[in-house]
Amino acid sequence: MGPPTYDPEPAALPPADPDALGDLVADTVLDGARYGSCTLRALSVRGDSARYRGDPRRDALLTARFGTGDDALVLVAMATGARAATGAHRAAAELCRWIGRAVGRSHVRLAEDLRAARRGELKSGLRRLTDRSLGRLRASATEQGLTPEEYAAGLRCLLLPADPGCRTRVFFGVGAGGLLRLRDGTWQDIEPRPADLAGEPVVGFGSPPAGAAPEIPDGDRLTMDLGITAPPGPHGEPGAGPSRRPFRFRASVARPGDVLLLCTEGLADPLRGEAALRDHLAGRWSGRTPPGLAGFLADAGTRVKGYADDRTAAAVWEA
């Protein structure tokens, strides 16, 4: 696991338009919080190749808390704009804003469903919110005179309840990336995959064997919806058609000591491809105390030769 040949520090800034300075994207975004029984660390970092060429970061990150006290709901949303597409960074940022608005408006019901472990309601509701957000992105592409393929992004989200008595964690979204869990020092790849249409347990390196006991009602398994038309939204907006990519959903119950990691392909690919990186992060993150923001940035930004894309990641440590 050697570092890339690129310079480890940014070499060039993206070009700037004096009339559109709001489009500029910082090289690195770093955030964190502590709610309920979990500690959150999140970052988005421009990849080595983009730093070298002076391209903007295509990944976008949104962390938001809706509500107060034990009724609050924390959303982490990350999106990756289409490769080599003009405005990819804008599409990613816009998609994060749309899903953030949708979740924020529905956060009371979502928090109730999380506490009650209503997996079916969560799955169908989040799929509708995701479809509407993607529909708005497609509408934005049309307004700009672009095709949906030219102004597109993948979306990956994590919902965390602030209630310390609720340990249900929910992942949802569309597009590639990684969802991994560090348990007892071993990484488990729990990313839902389109091949698992029958709802079999997800199998990956370190995953529980087939037939393992379910963690919540209906099991801690892959669930997907394909081709289902969304009804009108709860706030009167028109419903969007289904996403052209499969919806991914997974709900699981965290155990004390777990570390749940959600990330874009920029970190998921080297984690799956390089055992040395998995071992390195397992050693760094298996302690009782979560790293600080600077430590998390250094850990998640560990450079690996052959992998130079943007990295966006959110890790949750369970007390």
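The figures that follow rest on heavy atoms only: side chains count, while hydrogens, waters and symmetry mates do not.
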- Task: Scan R51, R83, R46 and name whichever one has a salt bridge (charged side-chain N to carboxylate O under 4.0 Å, His left out) with D309.
- Result: R83
I want to check something: taking the side chain as every heavy atom from C-beta on, are [X] and [Y] in contact at a cut-off of under 4.5 Å?
| X | Y | answer |
| --- | --- | --- |
| T302 | H280 | yes |
| L129 | S106 | yes |
| L271 | L281 | yes |
| L179 | R250 | yes |
| L159 | V103 | yes |
| L267 | Y307 | no |
| D7 | D48 | no |
| L160 | Y35 | no |

- Item | Worked verdict on R128 versus S124 for side chain to side chain contact (heavy atoms under 4.5 Å, CB included) | CA-CA 6 Å; R128 287 194 296 271; S124 59; 3.9 Å; yes
Mind checking the [atom1]-[atom2] spacing from [X] to [Y]? Nearest 0.5 Å is all I need.
| X | Y | atom1 | atom2 | answer |
| --- | --- | --- | --- | --- |
| R255 | D258 | CZ | CG | 7.0 Å |
| L137 | R90 | CG | CZ | 12.0 Å |
| L261 | L180 | CG | CG | 5.5 Å |
| C166 | R115 | SG | CZ | 7.5 Å |
| T63 | D31 | OG1 | CG | 3.5 Å |
| R278 | D189 | CZ | CG | 9.0 Å |

- Item | Single hit among T312, D299, L293, L297 for side chain to side chain contact (heavy atoms under 4.5 Å, CB included) with L43 | L297
With the 4.5 Å side-chain cut-off for hydrophobic clustering, are [X] and [Y] part of the same group?
| X | Y | answer |
| --- | --- | --- |
| F247 | L75 | yes |
| L110 | F66 | yes |
| F171 | L61 | yes |

Hey, is [X] close enough to [Y] for a salt bridge, meaning N to O under 4.0 Å?
| X | Y | result |
| --- | --- | --- |
| E94 | R136 | no |
| D59 | R311 | no |
| R156 | E191 | yes |
| D310 | R57 | no |
| E318 | R167 | yes |

- Name the orientation class of the two ring planes belonging to W317 and F296 (parallel below 30°, tilted from 30 to 60°, perpendicular beyond 60°). perpendicular
- Query: Given a cutoff of under 4.5 Å between side-chain heavy atoms of I, L, V, M, F, W and Y, with clusters grown through shared members, what are the other residues clustered with Y6?
  - Reply: Y52
- Query: Can V316 and V259 be said to form a side chain to side chain contact (heavy atoms under 4.5 Å, CB included), step by step?
  - Reply: CA-CA 5 Å; V316 180; V259 180; over 6 Å; no
- Message: How about CG on D184, more than 12 heavy atoms from neighbouring residues, nucleotides or ligands closer than 6.0 Å, or not?
- Response: no
- Take L260 and L158 through the side chain to side chain contact (heavy atoms under 4.5 Å, CB included) test and state the conclusion after the steps. CA-CA 10 Å; L260 183 65; L158 193 62; 3.9 Å; yes
- Donor-acceptor under 3.5 Å (T186 side chain, L182 main chain): no
- Task: For A85 and E150, work out which heavy atoms get closest and say how close.
- Result: CB-O, 3.5 Å
